[in-house]
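Okay, structure first, notes after.
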Amino acid sequence: MTDSQKEFMKMAITLAQEGMEAEKGGPFGCVIVKDGKIIGKGSNNVLMNNDPTAHAEVVAIRDACKTLNHFQLEGCEVYTSCEPCPMCLGAIFWARPSKVFYACTKEDAADAGFDDDFIYEEIKIEPADRKIPMLNGMREASQKVFELWKKKEDKKVY
């Protein structure tokens, strides 16, 4: 990592500690950078917001997208205090930044009590057989909406 990349990572780690100490949530922080400037930041706000999706990366992505007034983060770098969980990994791929830097690993997180491995395992299981069963129904009715989407001429693909 370059010196400036290390500084951005230090900021993410500081956000992790500050958020944890303020009892916002777990020890996770994230900053998003474009052209050398921070455009989004966040710490884990799960407890503060009673929102299981308020992970540091998701909070930072929302902040950066608001700053850019765009739903994608092309040309941006994500600096996060820990390797992203499956939800945050999905959010990062949807946001399409150019690169992600992380400090702690998912194994470090598991050692601290944040074990996401069960989610990776659940993804491999048939939906109906998961710990939270996922049951398919009314597919044909919903497919009609997809057909309308396919024909929509003014849609914005993302």
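No hydrogens, no waters, no symmetry mates; every other heavy atom, side chains included, goes into these values.
In summary, the aromatic rings of Phe8 and Phe101 are positioned with their centroids too far apart to meet the 6.0 Å limit.
The shortest distance between side-chain heavy atoms of Leu68 and Cys76 falls below 4.5 Å. Considering only heavy atoms from C-beta on, Lys155 comes within 4.5 Å of Trp149 through its side chain. The shortest side-chain heavy-atom distance between Cys30 and Leu15 does not fall under the 4.5 Å cut-off. Looking only at side-chain heavy atoms (C-beta outward), Ile32 and Asp63 stay at 4.5 Å or farther from each other. Looking at heavy atoms from C-beta onward, Ser43 lies out of side-chain contact with Glu18 at the 4.5 angstrom threshold. Here the side chains of Pro27 and Asn44 are not in contact, with every heavy-atom distance at 4.5 Å or above.
Shown here for Thr53 and Arg62, the closest heavy-atom pair between the two residues is OG1-NH2, 3.7 Å. Nearest heavy-atom pair, Ala128 versus Leu135, reported as atom, atom and distance to 0.1 Å: CB-CD2, 3.9 Å. Ala16 and Gly29 get closest at one heavy-atom pair: CB-N, 3.4 Å. Residues Pro84 and Glu57 approach most closely at CA-OE2, 3.8 Å, considering heavy atoms. Asp117 and Asp115 get closest at one heavy-atom pair: N-OD1, 3.0 Å. Summarising the geometry of Pro86 relative to Asp116, their closest heavy-atom pair is CD-CB, 3.7 Å, with the distance given to 0.1 Å.
Both tests hold for Lys106 against Tyr120: distance to the six-membered ring centre under 6.0 Å, angle to the ring axis within 45°.
Interatomic distance, Lys34 NZ to Ser98 OG, rounded to the nearest 0.5 Å: 8.5 Å. Phe114 contributes atom CZ, which lies 11.0 Å from atom SG of Cys85 (distance to the nearest 0.5 angstrom). Between Lys131 atom NZ and Ile119 atom CD1 the span is 10.5 Å, to the nearest 0.5 Å.
Between Lys144 and Glu147 there is no salt bridge, since none of the side-chain N atoms of the basic residue sits less than 4.0 Å from a carboxylate O of the acidic one.
Criterion: ILVMFWY side-chain heavy atoms under 4.5 Å apart, direct or through other members. Under it, Phe28 and Ile13 are not part of a common hydrophobic cluster.
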Subject >> Pair Val33-Met11, side-chain contact (heavy atoms from CB on, under 4.5 Å): steps then yes or no >> reply: CA-CA 11 Å; Val33 175; Met11 290 179 203; over 6 Å; no

**OP:** Walk me through it: do Val58 and Met87 pass the test side-chain contact (heavy atoms from CB on, under 4.5 Å)?
**Re:** CA-CA 9 Å; Val58 173; Met87 178 185 68; 4.2 Å; yes

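Within 6.0 Å of CD on Glu107 lie more than 12 heavy atoms contributed by other residues, nucleotides or ligands. Around the CE atom of Met1, the shell of radius 6.0 Å holds more than 12 heavy atoms that belong to other residues, nucleotides or ligands. When the shell of 6.0 Å around CZ of Phe71 is examined, it contains more than 12 heavy atoms from other residues, nucleotides or ligands. Remark: Gln143 CD is packed, more than 12 non-hydrogen atoms of other residues, nucleotides or ligands lying under 6.0 Å away.
In this structure, the side chain of Arg96 does not engage the main chain of Gln72 through any donor-acceptor pair within 3.5 Å. Side-chain N or O atoms of Thr67 include one that pairs as donor or acceptor with a backbone N or O of Ile39 at under 3.5 Å.
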